[in-house]
2 protein chains.
Amino acid sequence: MPRQATLKDVAAKAGVRPETVSKVVNRKAHVSPETEARIRQAIRELGYRPNVAARNLRARQSRMIGYSWRPVPAGQFNPILDQFLQSMVEVAGQAGYHLLPFPCPPDHAQVEAYQELVDTNRVDGFILSSTNVDDQRIAYLQKIQFPFIAFGRANTDWDFPHIDVDGTAGLRAATEHLLDRGHRRIAAIAWPEDSLTGTLRLQGYGEAMASASLSLDPAWIARGEHSAAFGHLAATQLLDLPPERRPTALVALSDLMAIGAMHAIQDRGLEVGRDVAVTGFDDTPMAQYLRPPLTTLRQPVWESGRRAIAMLLQLLRGEPLPEQYVLLKPELIVRESSGE
Amino acid sequence: MPRQATLKDVAAKAGVRPETVSKVVNRKAHVSPETEARIRQAIRELGYRPNVAARNLRARQSRMIGYSWRPVPAGQFNPILDQFLQSMVEVAGQAGYHLLPFPCPPDHAQVEAYQELVDTNRVDGFILSSTNVDDQRIAYLQKIQFPFIAFGRANTDWDFPHIDVDGTAGLRAATEHLLDRGHRRIAAIAWPEDSLTGTLRLQGYGEAMASASLSLDPAWIARGEHSAAFGHLAATQLLDLPPERRPTALVALSDLMAIGAMHAIQDRGLEVGRDVAVTGFDDTPMAQYLRPPLTTLRQPVWESGRRAIAMLLQLLRGEPLPEQYVLLKPELIVRESSGE
DNA sequence: AACGATTGCGCCAACGATTGCGTAATGATA
DNA sequence: TATCATTACGCAATCGTTGGCGCAATCGTT
């Protein structure tokens with residue numbers, strides 16, 4: 001099998017020097033039309049493709065973008081990953097970049113993992129998803145001034161470019177939708193207080209309730225781990241409240257918790273949608289197949305991926321970012337779990 | 001910001017030549033203990049890491065493995081991707097390799113996409129998933145003798161290393177499980193005849209029915225597109241059969257179709273599990289949250305990923321493969337949809 | 001003491017592409 | 001024909017790492 005043609009081979013065939021070919025390929029210098037034609041012909045005949053390792057060595061870059069995500073525990077879903085990867089690969093590819101995915105290593109090994117990729121010149125920048133408060137990855141990359149875009153927020157006093165889905169607006173929309181349908185006693189099934197995303201989402205619920213001038217019963221906010229089991233437990237306890245305090249609608253911070261809540265309602269012989277309304281968050285693929293189908297908030301996954309890469313590419317080109325922070329609105333998908 | 005230290009910097013600090021440092025790093029030559037200590041000290045102090053681009057250029061390799069998968073249409077799930085990526089990244093990482101994911105481009109552009117990655121030396125090998133009969137990617141990579149491992153089979157007369165989940169054994173197990181529970185009229189909800197995976201799975205159903213000496217009613221095999229809607233339609237038609245031919249159990253080739261079938265049964269006022277048993281395939285995360293939870297076949301995703309990479313690494317090292325073809329058995333997960 | 005064998009490490013030449021500079025050839029102008 | 005600007009392309013160096021070769025110093029053996 002003949003090895004891949006190099007600049008030298010093309011040059012020999014076209015009767016010029018390798019540098020000239022390089023200049024034609026990169027449109028860097030003026031070359032006479034005839035020479036250019038001869039060179040292009042040779043390139044075509046030999047099927048020449050520039051060797052990326054050589055290019056990268058010379059240019060001190062890798063044309064690779066690291067993507068780190070936090071894998072979900074077994075039994076849960078990651079409905080985002082497939083689409084998110086696709087959208088990023090597509091946009092990055094158009095600019096000649098490829099993705100290098102790696103699941104977040106355990107906390108103590110995180111910084112080393114990033115250091116490795118940075119120091120060996122394997123990646124030019126990063127996309128981080130599932131960010132945390134006090135996220136070590138963000139702290140490290142900021143310290144060494146390495147280009148990255150986060151998908152999610154972190155400490156409010158940290159200043160770094162990021163994209164996020166506006167969970168506050170999402171829960172406000174879900175709550176308002178329930179208010180529109182006449183509900184007045186609406187409870188929330190939420191995450192622990194240390195979750196940033198959870199706090200932001202819950203805030204939207206609070207805002208909607210406040211602007212409808214409804215007083216909030218403290219018992220209406222249930223906090224617990226992100227699981228269907230907790231959704232079930234929380235809903236059960238909420239339905240156990242005395243009639244005048246018992247909620248007629250539940251907003252859950254995720255589809256997974258909404259599923260648990262739906263089951264709790266059904267276990268009690270009540271009908272979801274008619275007796276108690278339920279909404280979720282994520283629009284996981286299964287939301288549409290539940291009975292009744294789940295009203296939920298769809299994250300603009302595709303858009304997020306595109307924007308994140310587009311922003312990172314700007315950083316890599318050394319251009320200033322028009323917007324450091326991007327907040328995208330999720331879309332309320334109304335299905336039967338929230339009534340008629 | 002000081003740029004990353006190179007061999008030259010380390011050499012200068014340790015008072016030797018760069019090549020010597022390289023030899024120490026790669027354990028290639030004998031160096032006196034004192035010199036080695038001095039060099040290692042310098043490496044530590046400067047935080048030296050070999051530049052991958054330079055290494056790759058020299059070694060004519062990339063230490064990258066291309067992974068191509070067929071993205072699922074919107075509204076469906078890809079429960080595999082997250083775990084599969086994780087398992088591959090982990091094993092590859094231990095051998096100093098990274099993954100380069102790219103969704104399958106549209107059919108006509110497939111070969112070009114692979115050519116690009118091969119010709120520019122961006123990847124050393126490929127993992128292909130969701131293979132097809134007459135798969136162009138396989139044909140191309142075989143033609144140019146480029147290392148790859150397929151996850152899935154293709155034409156029976158093509159000879160290439162692959163891993164697959166034994167769908168035949170899976171459906172045999174599901175069908176036998178239903179036979180054990182006393183069912184005699186068992187129908188299958190299957191894919192079109194041109195699907196290789198579908199044909200193999202259906203075969204397992206046929207085998208189990210045959211070895212129980214049950215005659216197969218041709219009406220018991222429904223074929224259609226892979227969707228919940230088709231599952232619903234097929235189940236409805238099966239339940240419309242006259243009582244003596246009406247199946248008491250349905251094996252579906254996927255969880256998605258099983259969901260449709262469950263809904264059809266419920267729409268008719270029947271109870272899944274008690275009146276009609278249902279099984280799926282995939283153990284998508286949602287299977288456990290359905291009501292009743294779905295009996296299904298769990299694919300050994302983690303194991304597949306590890307094995308696929310391990311095999312590819314052997315090819316890349318030029319070692320012969322102990323097994324060209326690996327068939328992994330799926331695990332039957334019994335839940336309530338198949339009865340008590 | 002003379003010999004070959006071993007060890008430790010320096011030197012050179014790649015790997016393939018890119019870049020700034022230099023220069024020969026061309027054409028225009030006085 | 002001499003001068004100058006412009007065009008087209010060659011020259012040499014560089015990016016960081018590695019493999020092969022060779023030389024000097026050291027060691028053991030007779």
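In what follows, chains are A, B, ... by sequence order, proteins preceding strands, each numbered from 1. Note that the structure is a prediction, hence the values are computed from the model and not measured.
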*Asks:* Using both pair distances under 3.5 Å as the test, note the stems of at least 3 consecutive Watson-Crick or G-U pairs that include DNA chain D.
*Replies:* C:1-30 with D:1-30

*Asks:* My understanding is that only one of A/Leu117, A/Leu100, A/Leu99 makes a side chain to side chain contact (heavy atoms under 4.5 Å, CB included) with A/Met64; could you say which?
*Replies:* A/Leu100

*Asks:* Using the ring pair (Phe, Tyr, Trp, His ring centres under 6.0 Å) rule, collect all pairs that involve residues 90-111 of chain B, keeping only residues at least two apart or in two chains.
*Replies:* B/Phe102-B/Tyr114

*Asks:* How long is the span from the CG atom in B/Leu128 to the CZ atom in B/Phe160, to the nearest 0.5 Å?
*Replies:* 8.5 Å

*Asks:* State whether A/Thr35 places a side-chain N or O below 4.0 Å from either non-bridging phosphate oxygen (OP1 or OP2) of D/dA8.
*Replies:* no

*Asks:* May I have the distance from A/Lys8 (atom NZ) to C/dT18 (atom P), rounded to whole angstrom?
*Replies:* 15 Å

*Asks:* Give the rounded distance in Å between these two atoms: CG of A/Leu46 and C1' of C/dG16.
*Replies:* 15 Å

*Asks:* Mind calculating the distance between CZ (A/Arg17) and C1' (C/dA17) to the nearest angstrom?
*Replies:* 14 Å

*Asks:* Closer than 3.5 angstrom, by distance alone: can the side chain of B/Asp124 be matched with the main-chain N or O of B/Arg63 as a donor-acceptor pair?
*Replies:* yes

*Asks:* Measuring to OP1 and OP2 of C/dG16, would you say a side-chain N or O of A/Arg58 lies under 4.0 angstrom away?
*Replies:* no

*Asks:* Between the base of D/dG10 and the side chain of A/Lys23, is there a donor and acceptor pair under 3.5 angstrom?
*Replies:* yes

*Asks:* Mapping B/Ser32 and B/Arg60 onto DNA chain C by nearest heavy atom, which one lands closer to the 5' end?
*Replies:* B/Ser32

*Asks:* In whole angstrom, what separates B/Arg63's CZ from D/dT17's C1'?
*Replies:* 14 Å

*Asks:* Tell me: CG of A/Leu57 to P of C/dA17, nearest whole Å?
*Replies:* 12 Å

*Asks:* Could you check how far CD of B/Glu34 sits from C1' of C/dT7, rounded to whole Å?
*Replies:* 12 Å

*Asks:* Tell me whether A/Arg38 contacts the main-chain N or O of A/Ala14 through its side chain, where contact means a donor paired with an acceptor under 3.5 Å.
*Replies:* yes

*Asks:* Categorize B/Ser22 for me: base, sugar-phosphate, or nothing, with a 4.0 angstrom heavy-atom threshold over every strand shown.
*Replies:* base

*Asks:* Tell me if a side-chain donor or acceptor on A/Asn56 pairs with a main-chain N or O of A/Ala53 at a distance below 3.5 Å.
*Replies:* no

*Asks:* Specify the residue among B/Asn51 and A/Glu19 whose closest nucleotide of DNA chain D lies further upstream toward the 5′ end.
*Replies:* A/Glu19

*Asks:* Can you tell me how far C1' of C/dA17 sits from CG of A/Asp9, to the nearest Å?
*Replies:* 13 Å

*Asks:* What's A/Val25 touching, base or sugar-phosphate or nothing? Going by heavy atoms closer than 4.0 Å.
*Replies:* nothing

*Asks:* Take the protein atom CD of B/Gln61 and the nucleotide atom P of C/dG16, then report the distance between them rounded to whole Å.
*Replies:* 14 Å

*Asks:* Side-chain N or O of B/Thr6 versus OP1/OP2 of D/dC15: is the shortest distance under 4.0 Å?
*Replies:* no

*Asks:* From the options C/dG10, C/dT18, D/dT18, select the nucleotide whose nearest atom is closest to the side chain of B/Val16.
*Replies:* C/dG10

*Asks:* Under 4.0 Å from OP1 or OP2 of D/dT17: is there any side-chain N or O of B/Asn56 that close?
*Replies:* no

*Asks:* With no hydrogens and no angle check, do the side chains of A/Gln41 and A/Arg44 hold a donor and an acceptor under 3.5 Å apart?
*Replies:* yes

*Asks:* Taking the side chain from A/Arg49 and the backbone from B/Asp119, do they hold a donor-acceptor pair closer than 3.5 Å?
*Replies:* no

